[in-house]
Every structure is written in C-alpha cells, then in structure tokens.
Amino acid sequence: MENTEKLKNSKEVIVYIAERFPLCFTLEGEAKPLKIGIFQDLAERLSDDEKVSKTQLRAALRQYTSSWRYLHGVKLGAERVDLDGNTCGELEAEHVEHAKTALAESKARVQARRKEQADKNREERAAKVKSKAPRKPKTDSKPNVDSKPKTAKPAVVETRELKSDEIVLGKDINVNMGQGNMAATIVEINKDDVRVRLANGLQMVVKAEHLRV
C-alpha cells in the first residue's frame, strides 16, 4: 500500500517535488530559474496527491526561490524551466536585478545576526570574568582629624604558609610566585598538588608549599 502520510514542513516538500520533478528542481548546486506560474502547474500535477497541499506547495516554493543558491542562478542569460525541464524564455533584466537585491539583503541580515550573536557572546564572557574577580576590601574613608597628614607608605603584607588543615576548597589564598603573591581561590586538591583560579580567571596547579595566607 502506497504511503500517503502528509509531509510535515517546507523542507520535506522541497525534497519531494525535487524527486518528482528532477529536471526542474534541485537540492544541490545552483538552482535553475523557474517558469512564471510554476505554482499553478505544480498544483495541477499534484492535485490528487494526498501527501502535500496547495498551502504547503506555496510555502515551499517561497522558501525555494528565496534561497541563496536559487538567487545566484537568477542571472543574465539564464533561461527559465518548466516542471519537465523545458526552457521557457530568458530572464528579464528587472528580474535579475530584483534577485541581486534580494540576495544582498539576505546576506546582510545574516551578517547582522552573526555580529549581534558575537557581541552577545563577548559580553557574556566579560561578565563571567568580572564576576570571578575578587572584591576589593572596603576602607574607612572617614579622615582622622587628630593626626597630621603623612606621606602614604606602601603597606607590607605579611603572609605565612598554609597549614594542611587550612587547604580547603573555595578558600581565598595567595600564591607565592617568587617575585610576589597573587590572589587566588582553591578549586581542586590532589595530595600535594593544588589547582587554583587566579583573579583573571586562569587556573594553574601549584605545590601546597607555595600557598600563603
């Protein structure tokens, strides 16, 4: 028994009519310009076909003729074809110009969407990095009126090596890098090796002996 299950979308309809009329429709490469009034021919040829409706045919034709590969095929010197592949005259200049405009507008829309998505992804990455950065401690901004102004001297931060029971996940520590300490957070512990995440989001594995608090 022949399968008469309805086609679900325009993509399936295009595949179906390309199988039925291979000299007119194609699924790969540059498409041939279609005869003016091809919809009526399709509707008549498939009037008894229960797999596809006129509404589906109209939507599928609209999608097929707005595709980039079809618009690329609408060019000077190209000839239109009917359902059986017979030529139906050359394209007119106004139709070629319309296809060029439609193709340029379609490509511009795609490029704009890609740029918008790229900007969105970049903003999301920047927000993640910012959220991982350590917060600066609050300082008392109230001036000391009893003391004379003094030249500010860089504060010397004294650190000590972490004890074994102080090495725990999520703990904020400093990593001794030789020339100074870098703020970090413990994210993984594997015996003497400890993975930490630096303020800039980068992760590194260091020995426990390099951890300070």
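For clarity, every value in this text was computed on a predicted model and none was experimentally measured.
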Query raised in the report: How about Phe21 and Arg45: do any of their side-chain heavy atoms sit closer than 4.5 Å?
Result: yes
Query raised in the report: Nearest 0.5 Å, what's the NZ-NZ distance between Lys100 and Lys75?
Result: 11.0 Å
**Report entry** Any donor-acceptor N/O pair, Arg195 side chain to Met204 backbone, under 3.5 Å
**Finding:** no
Requested in this report: For the pair Gln56 (side chain) and Ser53 (backbone), establish whether a donor and an acceptor sit closer than 3.5 Å, ignoring hydrogens and angles.
Outcome: yes
Query raised in the report: Any side-chain heavy atom of Glu30 within less than 4.5 Å of one from Arg69?
Result: no
Report task. Taking all non-hydrogen atoms of both residues into account, name the closest pair between Asp84 and Leu23 and its distance. Result -> O-CD1, 3.2 Å
Requested in this report: Can you see which heavy atom on Leu71 is nearest to which on Ser66, and at what distance?
Outcome: CD1-O, 3.7 Å
Query - Tyr64 side chain to Thr26 backbone, donor-acceptor under 3.5 Å - result: yes
Requested in this report: Is it possible for you to say whether Leu57 and Leu27 belong to one hydrophobic cluster, with membership spreading through side-chain heavy-atom contacts below 4.5 Å?
Outcome: yes
Requested in this report: Just do the side chain to side chain contact (heavy atoms under 4.5 Å, CB included) check on Thr185 and Ile173 with the steps written out, would you?
Outcome: CA-CA 6 Å; Thr185 302; Ile173 46 84; over 6 Å; no
Query raised in the report: Passes side chain to side chain contact (heavy atoms under 4.5 Å, CB included), Cys24 versus Leu34? Steps please.
Result: CA-CA 7 Å; Cys24 180; Leu34 301 178; 3.4 Å; yes
Requested in this report: Would you check if the side chain of Thr65 reaches a backbone N or O of Leu61 as a donor-acceptor pair within less than 3.5 Å?
Outcome: yes
Query raised in the report: In terms of hydrophobic clusters joined by side-chain contacts under 4.5 Å, are Val81 and Leu76 together?
Result: no
**Report entry** Val129 and Arg125, any side-chain heavy atoms less than 4.5 Å apart
**Finding:** no
Query raised in the report: Side-chain contact, heavy-atom cut-off 4.5 Å: Leu103 with His72?
Result: yes
Query raised in the report: Quick one: are Leu46 and Arg20 in side-chain contact, heavy atoms under 4.5 Å?
Result: yes
Query raised in the report: Any salt bridge between Lys115 and Asp119, counting N to O under 4.0 Å?
Result: yes
Query - Student check: side-chain heavy atoms of Lys207 and Asp193 closer than 4.5 Å - result: yes
Query raised in the report: Step by step, would you call Val205 with Val194 a side chain to side chain contact (heavy atoms under 4.5 Å, CB included)?
Result: CA-CA 5 Å; Val205 177; Val194 180; over 6 Å; no
Query raised in the report: Is the number of heavy atoms from other residues, nucleotides or ligands under 6.0 Å of Glu124 CD greater than 12?
Result: yes
Query - Distance, nearest 0.5 Å, that separates CG of Leu83 from CD of Glu44 - result: 9.5 Å
Report summary line: side chain to side chain contact (heavy atoms under 4.5 Å, CB included) with Arg80: of Asn86, Ile38, Leu91, only one passes, and it is Leu91
Report summary line: Looking only at heavy atoms, the pair that brings Lys54 and Phe39 closest together is O-CE1, 3.6 Å
**Report entry** Minimal non-hydrogen separation, Pro33 against Val74, with atom names
**Finding:** CG-CA, 4.4 Å
Query raised in the report: What pair of heavy atoms forms the shortest contact from Leu7 to Val13, and how long is it?
Result: CD1-CA, 3.8 Å
Query raised in the report: Looking at Glu90 and Gly77, what are the two nearest heavy atoms and their distance?
Result: OE1-CA, 4.1 Å
Query raised in the report: In Å, rounded to the nearest 0.5 Å, how long is the span from OG of Ser10 to CD1 of Ile17?
Result: 9.5 Å
Query raised in the report: Distance-only, no hydrogens or angles: does the Thr87 side chain make a donor-acceptor pair with backbone N or O of Gly89 under 3.5 Å?
Result: no
**Report entry** Verdict with reasoning, Gln117 to Arg113, per side chain to side chain contact (heavy atoms under 4.5 Å, CB included)
**Finding:** CA-CA 6 Å; Gln117 186 61 46; Arg113 284 198 296 268; over 6 Å; no
Query raised in the report: When rounded to the nearest 0.5 angstrom, what distance separates NZ in Lys35 from CD in Gln40?
Result: 10.0 Å
Query raised in the report: How many angstroms lie between atom CD1 of Ile167 and atom CD1 of Ile186, to the nearest 0.5 angstrom?
Result: 6.0 Å
**Report entry** Pairwise distance CD1(Ile14) to OG(Ser67) - rounded to 0.5 angstrom
**Finding:** 7.5 Å
Query raised in the report: Counting N and O atoms only, with roles assigned by atom type, does the side chain of Asn9 sit under 3.5 Å from a partner on the main chain of Glu12, one being a donor and the other an acceptor?
Result: yes
**Report entry** Beyond-backbone contact of Arg62 with Arg58, side-chain heavy atoms, under 4.5 angstrom
**Finding:** yes
